[in-house]
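Inspection log for the structure reproduced underneath, given as structure tokens.
In listed order, ligands and their atoms are each counted from 1.
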Amino acid sequence: MKKIIFIIFLTISTQLIASEYSVSYVNSSRKDHLLVVKLDNRNYFNIYDLERVFDGKVSIEPNSQTITLTIFEKKCKFFFYTKWVKFGNQNYNLYADIRIADGNFYVPEHFIQLCSKKLFSELVIIEGNCIIVNLSSMENFLIKKIVIDPGHGGKDPGAVGRILKLKEKDIVLEISKEVKELLSKNLDVEVLLTRETDKFVSLGDRTDFANNHQADLFISIHCNAAYNRKANGTEVYYLSPAKTDEARAVEALENDAIRFEDPESIKRYTDLDFILYDMRQSEYLIESIELAEICQNSLVKELDTKDKGVKYANFYVLRGAFMPAVLVEVAFLSNKWEEQRLKSSWFQNQAAKAIYDSIKQFKEKYDKMN
Ligand SMILES: [Zn+2]
């Protein structure tokens with residue numbers, strides 16, 4: 001009896017599968033196949049097979065009776081029991097209805113033709129029964145999510161001005177909020193702040209935050225301080241072992257926030273961690289240097305501050321970021337003239353604008369390459 005059931009089951013299953021495409025990937029040894037299933041004499045793909053083959057994402061909205069397949073970062077929206085797929089502002093005919101069977105969603109075979117001829121003609125090529133998919137261009141660098149990190153906060157005031165007693169944590173929070181506002185308003189990006197209020201955030205938690213949100217850029221904003229009261233100007237850092245004595249001094253100053261952290265979190269900054277982090281970060285070294293240079297030029301131009309140049313230092317706060325990351329020192333709180341300037345909202349807004357402009361310029365360049 002069991003045997004008979006098994007045979008019947010096997011027959012039904014094989015009847016369901018009409019044929020298959022073999023799938024290969026440009027610049028990759030990865031191989032896959034895409035099954036074609038017959039439902040009422042029409043050919044279909046299971047949407048979850050399409051999701052796998054294209055490294056896509058399926059989301060179902062039962063209320064609006066839609067199912068969205070995001071592939072190549074674009075949304076293909078299907079409507080239950082209709083033969084339409086919406087892509088951008090246009091509807092395309094699939095010549096058969098979307099089907100739901102056994103808890104699965106089935107998309108008409110014509111969809112693959114549509115992908116290769118219209119929707120993704122450069123990324124999906126069909127040759128007979130072979131589909132060639134170009135996912136490699138998707139691995140390139142696109143900037144969609146940006147984390148802005150206002151330095152210090154809460155029990156850690158950062159640098160404190162000599163005359164007006166301005167606190168670094170307050171100034172950088174104002175500038176960061178303005179950067180967020182400009183970015184959100186003018187660019188198609190998601191912007192997150194590591195802190196929105198005057199609260200303490202450990203250095204490790206700042207980069208964890210950026211990594212967990214899979215940010216594409218990390219920008220830490222600070223004000224500088226030095227024993228030399230005359231020291232003034234703007235500098236932007238990227239991560240690398242510190243070389244100059246001056247860079248080491250700034251590094252010591254910013255890394256000093258660690259003393260506000262509990263012993264448990266300090267354990268994270270072991271040598272081994274550093275090596276691993278440093279390696280990961282160096283993957284983005286070229287981008288980080290480039291962003292630092294654009295940012296430096298933009299700040300000096302907008303603020304008319306002394307150009308102290310792009311520098312590299314070994315900041316804990318940049319160390320854990322697996323993305324291009326820079327640390328901006330807007331101006332010196334320890335300099336009486338610059339402390340005065342840092343107090344004014346005009347200056348804060350100009351600093352924010354300069355940082356925003358540089359992100360915009362950096363993003364436009366990298367988006368164009370993709
Ligand atoms: Zn700082």
Give the atom name of whichever N/O/S atom in E168 sits closest to the Zn ion (ligand 1). OE2
Run the salt bridge (Lys or Arg N to Asp or Glu O under 4.0 Å) test on K167 and D198 for me, step by step, so that the C-alpha distance in whole Å, both residues' side-chain angles and the decisive distance to 0.1 Å come before the verdict. CA-CA 11 Å; K167 290 181 184 128; D198 180 20; over 6 Å; no
Please find the N/O/S atom of H152 nearest to the Zn ion (ligand 1) and write down its name. NE2
Measure from the side-chain N and O atoms of R195 to the backbone N and O of H152, and report whether any donor-acceptor pair falls under 3.5 Å. yes
Could you walk me through whether N335 and K230 pass the side chain to side chain donor-acceptor pair (under 3.5 Å) check? CA-CA 6 Å; N335 178 286; K230 288 187 185 148; over 6 Å; no
Roughly how far apart are Y95 OH and K83 NZ, rounded to 0.5 Å? 9.5 Å
Looking at H222, the N, O or S atom sitting nearest the Zn ion (ligand 1) is ND1
